[in-house]
**Student:** 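For reference, the structure I am asking about is given below.
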Amino acid sequence: MEQGDKFLHEGRFADAKYSYGGAIDKIDASTDAGKADMLQVQSRMTVVNNGLGELNLAEAEHAINCDDFAKAHDHLLLVMELAEDVTIREKAGKLLENLTVQNHSSNLVNNNRGCSGCKTSVEEHSEKAHISDDQLSEEDRFELLIHTLPAPLPERYAALGKKFAYAYLFIHDNDDDKALQILEELLAENENDVFLYEVAQIKLRRKEVADSERFLRRAISMESSNALCYLGLVHLLIDSGRLGEVIPVLNHMIEFGLLSDQALVLLGDVYALSGDDSNAIDCLSKALSLPGVARGAAERLVSLLGKHNRMEEAAYVSKRYLKACC
């Protein structure tokens, strides 16, 4: 659950989905505490599924604008599989209807141009219209996972080859041993910030903190624009209790636009953990103007304002930013 929460906070919806799925498998729902945990995880899984649905909807709309209707169809099917929000599903449904009409018209025009043994990618995917995540092909799973990464990382990850793709899938299948073996082979061939980052995350999961930090700092020295490396370093330092070292890293992220919205909220968290509520309130108040993190910032801000008996301000923030369901 903690790993899922971290990924969700980072906007890495596919990672969060796999982590929450693992949590669900481990929860004993026969106890009152287990039932509460299950409700909590299922609620967050809804947020994750809708996030993935929105990402795939955006990809579908982009593909339609590029006249790549087969790719659009694939993404829209994923929206219908993943999204629980009615508005998102309705948008995807309308686009699918339009694509079906276009595809039907195209088939009428080209009816005699192909052999019966040849199927378009749209037709092939239509047969899988109701598959589960576990039934996705390796290529589809990899594409789905990397599309949750912040730009321009999806394109960079996609360009790293099949060997890396297998390592990435092993990571998300919780098989770090196989993933690490492949990543170390890749690093021996060509040192790369992405390979270093993924190895660092494995090291951190194994509690090899010093090695993880070394790989992260090496990755940052190679590619100073990889926001995930900074975010990984931030979480490592926070988990290690080195709060004083986190602040300059977060300020750097904010200054250079490296996941700056999330960095601002994290900076507020760090100040709060350090007992500097004044600066924490200042950071979280600024984050209220950022749609992607406004709700999370508001939740934290309401708690801090209440702690200092600033009840009118807390009520205002709660009414304006927390009145809608998540």
Side-chain angles (χ1 to χ4, degrees), residues 3 6-8 10-19 48 51-52 55-56 58-60 62-63 66 68 70-71 74-75 78 121 125 133-206 208 211-236 253 256-259 262:
Q3 186 181 54
K6 183 181 291 186
F7 286 142
L8 181 57
E10 295 171 5
R12 297 173 64 180
F13 296 116
D15 294 346
K17 184 176 179 68
Y18 278 96
S19 293
V48 166
L52 287 170
L55 286 171
N56 277 280
E59 288 293 328
H62 177 70
C66 296
D68 190 347
K71 185 174 182 180
D74 292 351
H75 281 293
L78 285 172
S121 60
H125 204 96
D133 291 345
D134 292 336
Q135 293 172 300
L136 290 173
S137 69
E138 290 175 338
E139 292 83 358
D140 287 341
R141 279 191 63 213
F142 179 66
E143 184 177 349
L144 176 61
L145 286 166
I146 64 174
H147 271 299
T148 67
L149 297 170
L153 289 177
E155 292 78 9
R156 292 192 61 205
Y157 273 54
L160 291 173
K162 288 186 178 180
K163 194 171 182 179
F164 171 73
Y166 282 120
Y168 199 66
L169 290 174
F170 281 134
I171 289 171
H172 294 280
D173 287 334
N174 298 313
D175 195 340
D176 283 345
D177 289 339
K178 289 181 180 178
L180 185 59
Q181 181 180 347
I182 295 173
L183 290 168
E184 287 177 340
E185 291 173 3
L186 289 170
L187 280 171
E189 298 168 7
N190 178 35
E191 199 170 52
N192 176 289
D193 61 294
V194 172
F195 303 156
L196 290 165
Y197 168 78
E198 295 298 342
V199 170
Q201 294 304 98
I202 293 174
K203 296 287 186 182
L204 188 59
R205 286 193 289 274
R206 292 179 169 183
E208 299 172 17
D211 283 343
S212 179
E213 183 176 352
R214 179 168 56 85
F215 276 98
L216 284 171
R217 292 193 183 277
R218 175 60 180 160
I220 289 171
S221 71
M222 290 192 68
E223 180 52 71
S224 61
S225 65
N226 189 333
L228 284 186
C229 295
Y230 287 96
L231 198 60
L233 181 60
V234 164
H235 285 301
L236 182 151
M253 292 176 69
F256 290 93
L258 302 169
L259 296 176
Q262 295 173 38

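Being a predicted model, the structure only gives us computed values, none of them experimental.
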**Student:** Any idea which heavy atoms bring S212 and L204 closest together, and the distance?
**Tutor:** OG-CB, 3.5 Å
**Student:** How close do L258 and S224 get, heavy atom to heavy atom, and via which atoms?
**Tutor:** CD1-O, 3.8 Å
**Student:** Among pairs that include at least one residue of residues 164-175, which meet salt bridge (charged side-chain N to carboxylate O under 4.0 Å, His left out), considering only residues two or more places apart or in two chains?
**Tutor:** R141-D173, D175-K178
**Student:** Using the side-chain hydrogen bond (donor to acceptor under 3.5 Å, both in side chains) criterion, which residues pair with D211? Sequence neighbours excluded.
**Tutor:** R214
**Student:** Taking the side chain as everything from C-beta on, heavy atoms only, tell me whether E184 gets closer than 4.5 Å to L180.
**Tutor:** yes
**Student:** Less than 4.5 Å apart, any side-chain heavy atom of I202 and any of L183?
**Tutor:** yes
**Student:** In Å, rounded to the nearest 0.5 Å, how long is the span from CG of L231 to CE of M253?
**Tutor:** 5.0 Å
**Student:** Roughly how far apart are E198 CD and I182 CD1, rounded to 0.5 Å?
**Tutor:** 12.0 Å
**Student:** Test of understanding: with side-chain hydrogen bond (donor to acceptor under 3.5 Å, both in side chains), list the residues that count as partners of N226, not counting sequence neighbours.
**Tutor:** D193
**Student:** Aromatic rings F142 and Y168: how do their planes relate, parallel, tilted or perpendicular, breaks at 30° and 60°?
**Tutor:** perpendicular
**Student:** Looking at R206 and D176, is there a salt bridge between them, counting it only when a charged N and a carboxylate O are closer than 4.0 Å?
**Tutor:** no
**Student:** Tell me every residue that passes side-chain hydrogen bond (donor to acceptor under 3.5 Å, both in side chains) with N192, counting only those two or more places apart in sequence or in another chain.
**Tutor:** none
**Student:** Report yes if the side chains of K203 and V199 come closer than 4.5 Å at any heavy-atom pair, otherwise no.
**Tutor:** yes
**Student:** Could you list the residues that satisfy side-chain contact (heavy atoms from CB on, under 4.5 Å) with S19, not counting sequence neighbours?
**Tutor:** Q3, F7
**Student:** Given side chains that start at C-beta, do those of E143 and H75 come closer than 4.5 Å, heavy atoms only?
**Tutor:** yes
**Student:** Do any pairs count as a ring-ring contact (aromatic ring centres under 6.0 Å, His included) and have a residue in residues 213-235, sequence neighbours left out, and if so which ones?
**Tutor:** Y230-H252
**Student:** If you define the side chain from C-beta out and look only at heavy atoms, does anything of V48 sit under 4.5 Å from L8?
**Tutor:** yes
**Student:** How about L160 and F195: do any of their side-chain heavy atoms sit closer than 4.5 Å?
**Tutor:** yes
